[in-house]
Amino acid sequence: MLKKQYRLKNKSAFTATYRVKNSYHKGGITLFVGLLKKDKNSLTKVGFVVSKKTHKRAVRRNRLKRLMRESCRLALKSGELYNSQKYMSLIFVGGEHALDKKFSEVRNIIKDLLQRLE
RNA sequence: UAAAGCAAUCGAAUAAUCGCGCCUGAAUAAUUUUCAGGUGAGGAAAGUCCGUGCAUUCAAGGACAAACAGCCGGAGAAACUCCGGACGGCGUGAGCCGGUGGAAUAGUGCCACAGAAAAGAAGACUGCCGACGACUUUUAAAGUACGGGCGAUGGUGCAACGGUGAGUUAAGAGCUUCACCGGCGGUAUUGAGAAAUACCGGCCAGGUAAACCCCUGUUGAAUGCAAGGUUGAGUUGAGGGUUAUAAAGGUUGUCCGCCUACCUCAGAAAAAACCGCUGGAGAUUGAAAGUAAUUUCAAUACUAGACAGAUGAUUAUUUAGAAACAGAACACGGCUUAUGAGUUGCUUUAUUUU
RNA sequence: GUCGAAGUGGCGGAAUUGGUAGACGCGCACGAUUCAGGUUCGUGUGGUUAACGCCUUGAGGGUUCGAGUCCCUUCUUCGACA
């Protein structure tokens with residue numbers, strides 16, 4: 001789990017990120033990217049979403065969110081962020097196909113998505 | 001030994017590394033950051049099917065209406081709740097299941113098709129009879145397109161106005177004729193009561209109330225913690241703004257006037273903060289009362305409280321090589337549904353041995 | 001989290017107080033018309049079976065002689081509240 005300062009919080013911040021319409025997709029996970037940073041010192045905030053339409057049971061949705069958070073944390077720790085720090089906000093949206101994946105698969109997908117950013 | 005029934009219990013464990021929410025303490029200007037310590041999801045947290053507390057608004061007297069409940073007794077804050085019993089049904093049995101008031105204390109509706117007739121004791125089908133009256137033939141009697149008597153017979157249907165057998169009769173029929181059975185009412189006894197048992201009676205009364213309805217009982221109504229309360233940055237409007245006692249600046253050099261800062265009041269109010277927010281109709285253990293549900297008393301411990309929303313990842317070992325159903329969002333009592341591998345106790349049936 | 005509505009052939013959508021489920025339209029198949037296609041007209045069309053029959057209104061029970069309809073439990077879908 002990421003600490004509070006790295007998390008994307010408000011509803012308006014989420015809608016603002018979606019409105020940019022800059023997205024990447026792989027293996028059931030979609031990555032939405034926000035605008036470029038104006039102040040270089042501010043932190044890049046990350047949000048995780050698995051909607052109720054994806055699956056009905058809360059346990060399986062929480063599981064996917066936790067796997068995505070953990071893999072994101074490890075990426076932050078090891079410095080494999082590539083160009084993601086240029087942007088103000090990132091949102092990972094979990095889909096139906098990602099529900100049954102193991103941790104190593106999810107980690108590879110997220111690593112790949114972060115590499116694609118320019 | 002096998003197969004069942006009922007009840008209870010458990011709801012993975014240990015170690016290492018990395019990591020998160022909340023609380024406490026220390027450092028710090030600080031609500032930030034760092035360090036240390038503590039603590040962190042269920043038996044159903046679920047479905048939202050019932051019932052409460054709590055909060056706000058309206059009402060507060062009486063009656064009706066409406067909704068809900070519906071064998072009896074008890075428990076409980078209450079409940080489509082629980083316990084014990086009655087009756088009915090299922091099972092060889094241990095046991096299990098039941099929305100179980102009223103259809104002779106009122107009334108209405110419906111019962112398709114078929115059928116004579118579907119609820120008013122009725123006779124238009126198919127039939128039976130010819131005792132009585134009438135008529136015909138004949139005079140011992142026989143017969144019937146008559147007046148009538150009958151409701152047994154046939155077929156229909158979920159259901160045909162008690163059932164089976166005998167007697168009686170012209171033919172027949174519960175026909176206050178008989179035997180047995182079912183149902184109804186009354187009386188007596190037993191029981192706290194539901195009800196049970198016995199006797200007597202009249203002589204039979206269709207089904208449906210999860211159709212309207214009747215009876216008895218209960219309930220103020222509505223909205224749900226996104227309830228609701230407190231503080232309120234910025235903004236808007238009104239008044240004051242050298243004419244009260246402090247008071248700045250702009251518009252042209254001065255004055256008036258106007259505007260702003262500033263002061264007072266009012267409304268509305270965030271992507272803000274705090275309260276509500278977890279110690280309770282509670283849990284465990286023991287004792288007493290009770291068949292039990294439960295109640296009373298005593299002791300013990302109390303350890304989620306988030307707000308894009310905390311329990312995860314990797315490795316190793318073990319049970320069973322890879323553990324089911326499943327995630328708190330104000331709280332509690334039930335019900336219902338989902339659920340892996342086991343463990344324990346009591347009971348029943350069958351088989352074998354002694 | 002709270003509240004509300006719906007579920008019927010391949011699709012839309014009927015079925016009045018409980019009484020023969022699938023009207024009607026679209027689609028699909030076959031045939032006719034045409035040199036050919038379209039249009040138009042006719043017939044058929046839930047599943048299973050050789051046929052009779054049996055099963056079927058999201059699923060499972062109940063009440064009833066008889067449930068799409070009445071009652072209970074449950075599943076799925078949709079909507080409202082910010």
Side-chain angles (χ1 to χ4, degrees):
Chain A
M1 185 60 206
L2 296 168
K3 286 191 179 175
K4 270 188 173 177
Q5 50 185 325
Y6 294 109
R7 291 188 216 160
L8 192 61
K9 283 200 166 180
N10 301 320
K11 189 181 177 182
S12 57
F14 270 83
T15 50
T17 309
Y18 285 134
R19 211 172 290 146
V20 176
K21 293 182 180 175
N22 189 6
S23 67
Y24 303 87
H25 181 86
K26 194 195 177 186
I29 297 176
T30 312
L31 171 62
F32 287 88
V33 185
L35 294 168
L36 288 167
K37 275 183 197 172
K38 291 173 184 172
D39 182 10
K40 282 195 174 178
N41 295 324
S42 65
L43 294 163
T44 301
K45 301 206 171 188
V46 190
F48 301 93
V49 174
V50 181
S51 84
K52 216 170 183 178
K53 286 184 182 177
T54 309
H55 197 265
K56 210 196 161 191
R57 301 292 170 198
V59 170
R60 299 190 65 186
R61 280 186 273 123
N62 283 348
R63 170 85 184 161
L64 181 56
K65 272 164 88 173
R66 282 165 186 163
L67 291 180
M68 291 198 293
R69 277 199 202 109
E70 180 67 14
S71 51
C72 210
R73 182 183 71 81
L74 289 174
L76 189 69
K77 197 190 165 197
S78 59
E80 296 171 331
L81 291 168
Y82 309 102
N83 294 321
S84 65
Q85 293 300 302
K86 286 183 185 174
Y87 300 95
M88 282 173 75
S89 55
L90 309 170
I91 300 175
F92 293 94
V93 179
E96 212 171 321
H97 297 288
L99 278 174
D100 294 323
K101 291 216 160 65
K102 287 181 184 176
F103 174 70
S104 55
E105 295 177 86
V106 173
R107 194 180 170 183
N108 286 334
I109 289 167
I110 285 182
K111 201 172 166 183
D112 194 68
L113 284 170
L114 288 171
Q115 276 179 347
R116 280 204 240 169
L117 294 176
E118 292 174 359

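Just so you know, these numbers come straight off a predicted model, no measurement behind them.
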Out of B:A326, B:A310, B:A308, which nucleotide sits closest to the side chain of A:Arg57? B:A326
Taking the nucleotide of RNA chain B with the nearest heavy atom to each, does A:Lys102 or A:Asn62 sit closer to the 5' end? A:Lys102
In dot-bracket form, how is RNA chain C paired, counting a Watson-Crick or G-U wobble pair only if both its distances are under 3.5 Å and using | for bases paired to another strand? (((((((..(((......[....)))((((((.......))))))(((....)))..(((((..]....)))))))))))).
What nucleotide, of B:G309, B:G327, B:G19, holds the atom closest to the side chain of A:Arg66? B:G327
A:Val59 or A:Ser104: which one's nearest nucleotide on RNA chain B is closer to the 5' end? A:Ser104
Please report the distance separating the P of B:C97 from the corresponding atom of B:A8, rounded so that it comes out in whole Å. 14 Å
Could you state the CZ-P distance from A:Phe103 to B:U315, rounded to the nearest angstrom? 10 Å
Rounded to the Å, how far apart are A:Arg60 CZ and B:A46 P? 20 Å
Rounded to whole angstrom, note down the P distance from B:U336 over to B:G70. 15 Å
Can you tell me how far C1' of B:U315 sits from CG of A:Leu74, to the nearest Å? 14 Å
How long is the line joining NZ of A:Lys65 and C1' of B:C20, in whole Å? 14 Å
Based on the glycosidic angle (syn within 90° of 0, else anti), state the conformation of B:A283. anti
Check whether any side-chain N or O of A:Arg107 sits under 3.5 Å from a backbone N or O of A:Glu70 as a donor-acceptor pair, and report yes or no. no
Base orientation of B:G43, syn vs anti, 90° cut from 0: syn
Rounded to the Å, how far apart are A:Leu67 CG and B:G312 C1'? 8 Å
Checking the side chain of A:Asn108 only, and the main-chain atoms of A:Ser104 only, is there a donor and an acceptor separated by less than 3.5 Å? yes
At less than 4.0 Å, is any side-chain N or O atom of A:Arg107 found next to OP1 or OP2 of B:U314? Yes or no. no
Given B:A308, B:C18, B:G327, the nucleotide with the shortest approach to the side chain of A:Glu70: B:C18
Once you round it to whole Å, what is the distance between P of B:G19 and CZ of A:Arg73? 6 Å
